[in-house]
Each structure stands twice: as structure tokens, then as C-alpha cells.
Number of protein chains: 4
Amino acid sequence: MSTMNPSRLGRPVDADRRAARRRQIINGARGVFARKGFHAASTAEISAEAGVSGANLYQYFATKDDLIMSLIEENLAGDLALIESLNDAKSLKQGIMSLGKALFETPPGRQSHALRLEILAESFRQEEVAATLRRAEIRMIDTLGAIIGKAQVSGEVPDEISTLQAAATIIACVDGFMSRIAFTPISAEAQLAGFVMLITAALRLQQS
Amino acid sequence: MSTMNPSRLGRPVDADRRAARRRQIINGARGVFARKGFHAASTAEISAEAGVSGANLYQYFATKDDLIMSLIEENLAGDLALIESLNDAKSLKQGIMSLGKALFETPPGRQSHALRLEILAESFRQEEVAATLRRAEIRMIDTLGAIIGKAQVSGEVPDEISTLQAAATIIACVDGFMSRIAFTPISAEAQLAGFVMLITAALRLQQS
Amino acid sequence: MSTMNPSRLGRPVDADRRAARRRQIINGARGVFARKGFHAASTAEISAEAGVSGANLYQYFATKDDLIMSLIEENLAGDLALIESLNDAKSLKQGIMSLGKALFETPPGRQSHALRLEILAESFRQEEVAATLRRAEIRMIDTLGAIIGKAQVSGEVPDEISTLQAAATIIACVDGFMSRIAFTPISAEAQLAGFVMLITAALRLQQS
Amino acid sequence: MSTMNPSRLGRPVDADRRAARRRQIINGARGVFARKGFHAASTAEISAEAGVSGANLYQYFATKDDLIMSLIEENLAGDLALIESLNDAKSLKQGIMSLGKALFETPPGRQSHALRLEILAESFRQEEVAATLRRAEIRMIDTLGAIIGKAQVSGEVPDEISTLQAAATIIACVDGFMSRIAFTPISAEAQLAGFVMLITAALRLQQS
DNA sequence: TATGAATGAGGCTTCATTCAT
DNA sequence: TATGAATGAAGCCTCATTCAT
């Protein structure tokens, strides 16, 4: 019955254009979601911020929830990339210090922190979000664990600690500090000091 | 306080009734907010869960946001009370261990964790929430700091650490572990072990 | 938990008022549905025609479909009442003649005809509608059959015909003539003549 | 007609292709309209069922309403052809009996019945549809009337009946029985018996 | 011609809140 | 006080249709 002729009929699909639009929408959504949260954000505001018509959004995402899930996965991939970037640091301690510093630089981080927290909160409400986070958490722990393992080989970290347990603990610490950035009465320096102290302990590094 | 002399005061009973109703509504709200989040929860569902008519809610709270703020403050007061309960423990370490154990007992904690996370997330969006949290955070740090100070006097904790900094760090850790309870692939025991390790380090306690 | 006290708290339910509003909305819906059909009619137009806010409609009907089903059942009850009114006629033939005349009086009937047809059409699409119509059809056939039976006793109708079969046939005829009222090139008199002829035959009445 | 000489005419093939596509779309529309009704059917679903892109539809029909009108006319032409097929029957009675039998064979008829009913219902709403149906009704009555006239010549039908009136009555009967096929509690045999009885009476045929 | 992309308008429904009893 | 009734303002999504390729 179908007379579709893939060869030369009609407008060809431009995969790049499509991907770009998708990103454009996700970026608009990121801003609005960070500002309002998933549920208070309206698709109208999102599409406006993305510079797209309200209806067009639905050609790239089946539903608002679909958009949310896509954004969550993209964000988690970014978090993982952040951890992987530790591979490029001179030493594990140097790398984590850099990460910590970036963590407490308010202006750039604020949006992504709000989003990360919103995602964590959503994990208590939608099992699908929890499952996605679980998968991501496993990858993050594994990745960071491997990096710690390399630091063990190079002698930076003592062999007796459990790499996975240390990794999990560090990641929890990061979220812990991040979660209060909007209101903490503690100065950025003091926060960083506390953070470094914890990491040092978790990895049994030598005190600086 | 208000039950001293029913014959003397015009309407102390009514005042009690009012307070009771308020709590009844807040408790209903707690359940719904934990399940759905602040914005996805409807006042209709809240009043239904509280066993109250939808209109009646507005005789105790001016607005949904007012209800949210009241609940937030009540919850933060509860968090503070939790910290104050450390005064009753034999030693600081014992007390924090108990707190940690309670933290990772999933069923009872789940609702309050979801709520705490929702509140933290909201702090990025409403400056009023952030301000409230800041005030609460200060009280918590001060209170925990004083407790740590007492532990220094008793010799449990070395004198050279900064009580406030240690307190702030510990509280951040607690939120960090709590934030992932819904999805963490780590066992409760391993979480507790990581938690204890961090606290021990923050307080420079002797290894158990 | 529920503190509901049915005795004297709050506004009492006024069942009459509620029923009146319901009818008001159904009547508004009747007009719009007759004019546009079930699917082209908007709830906004319905509530406007009923003199009610758009939201208020949903305190009486869970959904547009619910409203449609309610209206269908009310209409079918009216159709049955029409058949029952045959009991008041002097003779069966007189009664059916009156019904037939009313059937072809365009202005008053037009709206109800449109609606009846819309309902019949919907029976092909929603099994629930079909089931409702089936129940109504059975009652109509039984009722009309009983009336025909009485006419047999009084000697107006010969005993040898099947009352149920005759009833079913007559009802089908009515719908047949009704279905073309909007466009038939036949004069009302000629239609009536044809209708009477068929009924006469179905009941084996004496020719007038 | 358009296939006479491919070498002579510039684009007879294209004309054929156009007509074929048109039919293809109309056939897709028939299915969807029968299933959902005119207004609940979306052009997207229609074009999908026709195996055509949604935009392509608009190169063959100016508007959804245009498609509806075209389909209505095509269907009415088919109805007329059905009546004309009576000319091929041995006797009028035989022909009508065959038509009746086909009428009550549920599976094949169901779709076309739903469509016919939808069209009848639409006649109450759009004067244009009513006008189209009126024209078709006149042709049907004339055609069936002429066939009845031939049966009078052959002696099958008595001369004294009005051919046009009889024709109109018969057509109304057909629609009457058809309109309830989706829900009637009457068996196909009983329906057929009732139908035949009415036709026999309308034409004053001899009882079988 | 035929298809993918885009969009304004509108549809159904929910919600926070006010009013009347 | 407490409840049922009412509503304007949104919110998510779909649709018929046009535009670009």
C-alpha cells in the first residue's frame, strides 16, 4: 500500500538540522527548568526560550516528560564527562582540587547545580528517573574508581582503600556541598577547605 | 501552655483547635509534597489527604505558597531538633553513629528525605526559601558546633579543629548521602561505612 | 483521620440545585451537539450556551465523554417515554398517526432528529454507545410490543402477527424516515402517507 | 478515456496517476472516517492510512472539508449504482431480496453503513451536504421509480401504486434498518423478514 | 510532485482561589 | 468555622494547514 519512495521524492531528512534543533530546545529547557523546576516550567516558556513554536517542540519530543528524561540523560552524560576529565590532570589531587574550585564558583555553576538538585529530587518521585540515575551513578563510580586505581598504581593513593567505596563517597560529598550553594552562610574558601579535607581523608592522601 | 485555665480565658480551646487543624493540614501536605513535589501537588489532593475541605485550607494558610513556607519552617525545626538530640548521646561519636544509622533506614526516612531534597531544590528558585534555609543552616551549624565544642572539652575531639567548620562539613555530608538514597547502588552498610569514615575524619576522631 | 461532621458543618448539599444545574448543562449541550455533532462541539461552546463557566462543567461531568453518555441516556429515556405515550391514545392507529405527524413537523423536531442520528452514528464507533443503545432498543421493542399486544386483545390488530417483530420493524421505520428529514425532496404529506402505509402493513391494520 | 493514445497527448499518464492517487487518498479516508467519524478523524491519520505524506493530501484536496465532500459524492454514486444493479435481477422482488440480504451481512457492510450514517448525520449540520444528499436522493428515487415502473409493465407490481412514492419509501426503509445494525438485538434473519415484509407491502407484491 | 518541518489556533482539563451558605 | 459551588487563568497537547526543499 505504501508508495513511499526513499530515493528522490520529497524533502530529504537533514539529520544535522534535526539534531541542532533538538539541542536548541533542550538548551532552552535547561534554562527554564533550572529557574522554575520541572513541574513549574511550562512548555510555552520553554519553547519561547528556545526560539521555537510551542507546537514544534512536539516534533522532537513526544511529551514534556520525554523532554525531561532526555535532558536528564544529557546532563548525566555531562557529569560523567566531568569525572572523566580527571584523567587529564597531573595528579588525582590536582584534578579533584580543580573540580572543587569550579564547584564553588557561583555564577557559572548555579544553573547546573539547580538542575542537578532538581534531578535528584525527581528521583524520589519517578522510578524511571531513579533507574536512570542509578545507571549513571554506577558508571560514575566505576569511572572514578578506575581513576583512583590508577592513582594507586602511581603511588598517590594507598593500596588498602577500596576504590569503589572511595569513589562513591566522594561523589556523595560533591552533591552534599553542591546542594547548599544557594544558601550556605559559609564562604567559598571555607567550603573548599572542608571539601578538600574530606576528599583527602577519603583517599588517605598526605595532608598538604 | 494554653490549657492552664479554661475558665479564665475566652477561647483557649479554639486556639488549640486551630493549632491542631493547622498541623493536620501540614501533615497532609507533607505526604503529598513528598510524593509529588511542591508544584505538582494540588491543594485539592492535600486537603483530601488531610481530611479537610479544599476551602478550609485557606482559613489556615493564606496561599499555597504560605503553606509551603510553613511546612518548610516546621521541617527545618525538626532537623534542628535532630541535631539537638545529640546532646542526649553518651558520646558525640555514638550520637552521630545513631543518626547515621537512622539516615540509611530506607522506609521511615524516605518521605522526609524526599521533602528535604525538595526544599533544597526550591532554595535555588525562591530567594525567600534560600533565606529561610540560610537562617536554619546557621542555627544548625551553631548548635552542632557547640556540641562539638563540648566534645572538645571532654577530650573526645581534638582542640585544634574549627568547631563551626567541622559542623558545616558534617551537615553537608549528611545531605550528600541523603540525596542519593532513592537510587544508590551502594548497600546501606557501605553507605554507613563511608559516612562514618568522613565524620571521623572531619572530627579527627580515633579510628574505631 | 477524617474530621467530616455531616451534621451541621459547612454548606449543606442542595440536591435540587445540583440537579437543575446538571439539566441546564445537558440542555446547553443538546443544542450545541445537535448543531455541530459530538466531536466538533467544544466544551467552551457548550458551557457558554448553558450559561456556565467552562470549569464548572467539570463539577457535574467528569469528562466530555461522560457528558455525551449522560445526554445519550437522557435522550433515549425520552424516546422511550414517547413510545409509552401511545398508551394514552384512543387506538393504536390513532397514536401512531399522531406520532408520525409530530415526526414530520420540521421545526420542533429538527434538533432532536439531528441528535438521534448523531447517536446512531456514534453507535458504530464506541462499543459503549452501542451497548447503551442496545439496552434502550430492547426496552423500546418490549414496550411497543406490549402496546401492540393490548391492541390485539382489543381486536385492533390481528392475533397472528409477532408483536416484537412488528415493534422492531416500526421503530426501524421511524428512524428511516427521520434520517432524511434534512434533505428529502418529498413533501411532509407524502412522507406521512408512506409512513402510515408501512405501519398499516406491519400491523396488518385495515386500510383507512 | 485517458488511455487512448499515450503518444499523442502530453501527459495522460500523469492524469491517470493523479486520479489514482486521489482514489488512494479517498480510500484511506473512507476507513478512518468510518472508524472515527468526520470530525474526530485527523488528516494525519488519513494520510498515514493512505500511505501518503500529510502535506501531499493538499495537492489533491483543497481542504479537509473538500475531501469529505468528495468522499460523500463518491459514496452516493456508489449507492446509486447499487440501485441500478437492480436492473440486472430476474425480477424486482429477487433483486430487492438480494440487496436486503447483503444489507444484513455484518462484516462487509459495517464500514459502509457507518459512513452512510455519518453522512446522513452531517446533512443536519452542513447545508451543502444536505443539498448534495438531496440531489442524490432525487436520482435514487427516480432510478428506483423507473425500475418499479418496468416491474409494473411486466405485471410484477400493480399499476395503481405511485412509483416515486414507493421508491422513496423503500429507500427510507433501507436506511432505517441500516441505522441500527451496530446495536440491534434482532437477529439478521428476523431483520430480513421485517424488511421483506415492508417492501412487499410498499410494492403490494403477492405474499411469498 | 512529494515530503519533512513549522506553526497559530484551539481543545480538554486542572488548578488555586473566592464566594455563598 | 467549615463546606459546596464557582471560575479565570493556565497547561499540555493536537490539528489543519502552509512553507521549504
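Reminder, nothing fancy here: chain letters follow the sequence lines and each chain counts from 1.
- Across all strands shown, E:dA2 is found opposite F:dT21 as a Watson-Crick or G-U wobble partner, with both distances under 3.5 Å.
- For D:Glu45 and F:dA16, the CD to C1' distance is 14 Å, given to the nearest whole Å.
- Side-chain nitrogen and oxygen atoms of B:Arg18 include at least one within less than 4.0 Å of the OP1 or OP2 phosphate oxygen of F:dT1.
- Rounded to an integer number of Å, the gap from CG of C:Leu57 to P of F:dG8 is 14 Å.
- In this entry E:dC12 has F:dG11 as its Watson-Crick or G-U wobble partner, both defining distances falling under 3.5 Å.
- Separating the CZ atom in B:Phe38 from the CG atom in B:Asp65 is a distance of 9.5 Å, to the nearest 0.5 Å.
- Here F:dA2 presents its C1' atom at 11 Å from CD1 of B:Ile25, a figure rounded to the nearest Å.
- When the options C:Arg30, C:Glu118, C:Arg116 are evaluated for a side chain to side chain donor-acceptor pair (under 3.5 Å) with C:Asn75, the one that passes is C:Arg30.
- Checking E:dG4, E:dT7, F:dA5 against every side-chain atom of A:Val13, the shortest atom distance belongs to E:dG4.
- Residue C:Thr43 is in base contact, counting any heavy-atom pair closer than 4.0 Å across all strands shown.
- A sub-4.0 Å separation between OP1 or OP2 of F:dT1 and a side-chain N or O of B:Arg17 is absent.
- Going from atom NZ of D:Lys64 over to atom P of F:dT17 covers 8 Å, rounded to whole Å.
- Not a single donor-acceptor contact under 3.5 angstrom links the side-chain atoms of A:Gln59 to the base of E:dA5.
- Between A:His39 atom NE2 and F:dG11 atom C1' the separation is 14 Å, expressed in whole Å.
- Of the candidates E:dG8, F:dA5, F:dT21, F:dT21 carries the atom nearest the A:Pro12 side chain, counting heavy atoms from C-beta on.
- The phosphate of E:dT13 has OP1 or OP2 within less than 4.0 Å of a side-chain N or O from C:Thr63.
- For D:Lys36 and F:dT14, the NZ to P distance is 12 Å, given to the nearest whole Å.
- Toward the 5' end of DNA chain E, the nearer of the two residues A:Ser53 and B:Ala40, judged by each one's closest nucleotide, is A:Ser53.
- Across all strands, C:Ala41 comes closer than 4.0 Å only to sugar-phosphate atoms, never to a base (heavy-atom distances).
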Please step through side chain to side chain donor-acceptor pair (under 3.5 Å) for the pair D:Glu122 and D:His39, ending with a clear verdict.
-> CA-CA 10 Å; D:Glu122 199 68 16; D:His39 296 289; 3.3 Å; yes
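- Residue whose closest nucleotide on DNA chain F sits further toward the 5' end, between A:Ala55 and D:Ala62: A:Ala55.
- Side-chain N/O atoms of C:Arg21 include none lying less than 4.0 angstrom from OP1 or OP2 on F:dG4.
- Atom-to-atom distance recorded for D:Leu71:CG and D:Ile26:CD1 is 6.0 Å, nearest 0.5 angstrom.
- Rounded to whole Å, atom P of E:dA2 lies 13 Å from atom CZ of D:Phe61.
- You'll find the side chain of D:Val52 stays beyond 4.5 Å of the side chain of D:Tyr60, heavy atoms only.
- The OH-C1' distance, from A:Tyr58 to E:dA5, rounds to 17 Å in whole Å.
- Backbone-only contact: A:Tyr60 has heavy atoms under 4.0 Å from sugar-phosphate atoms and none from a base.
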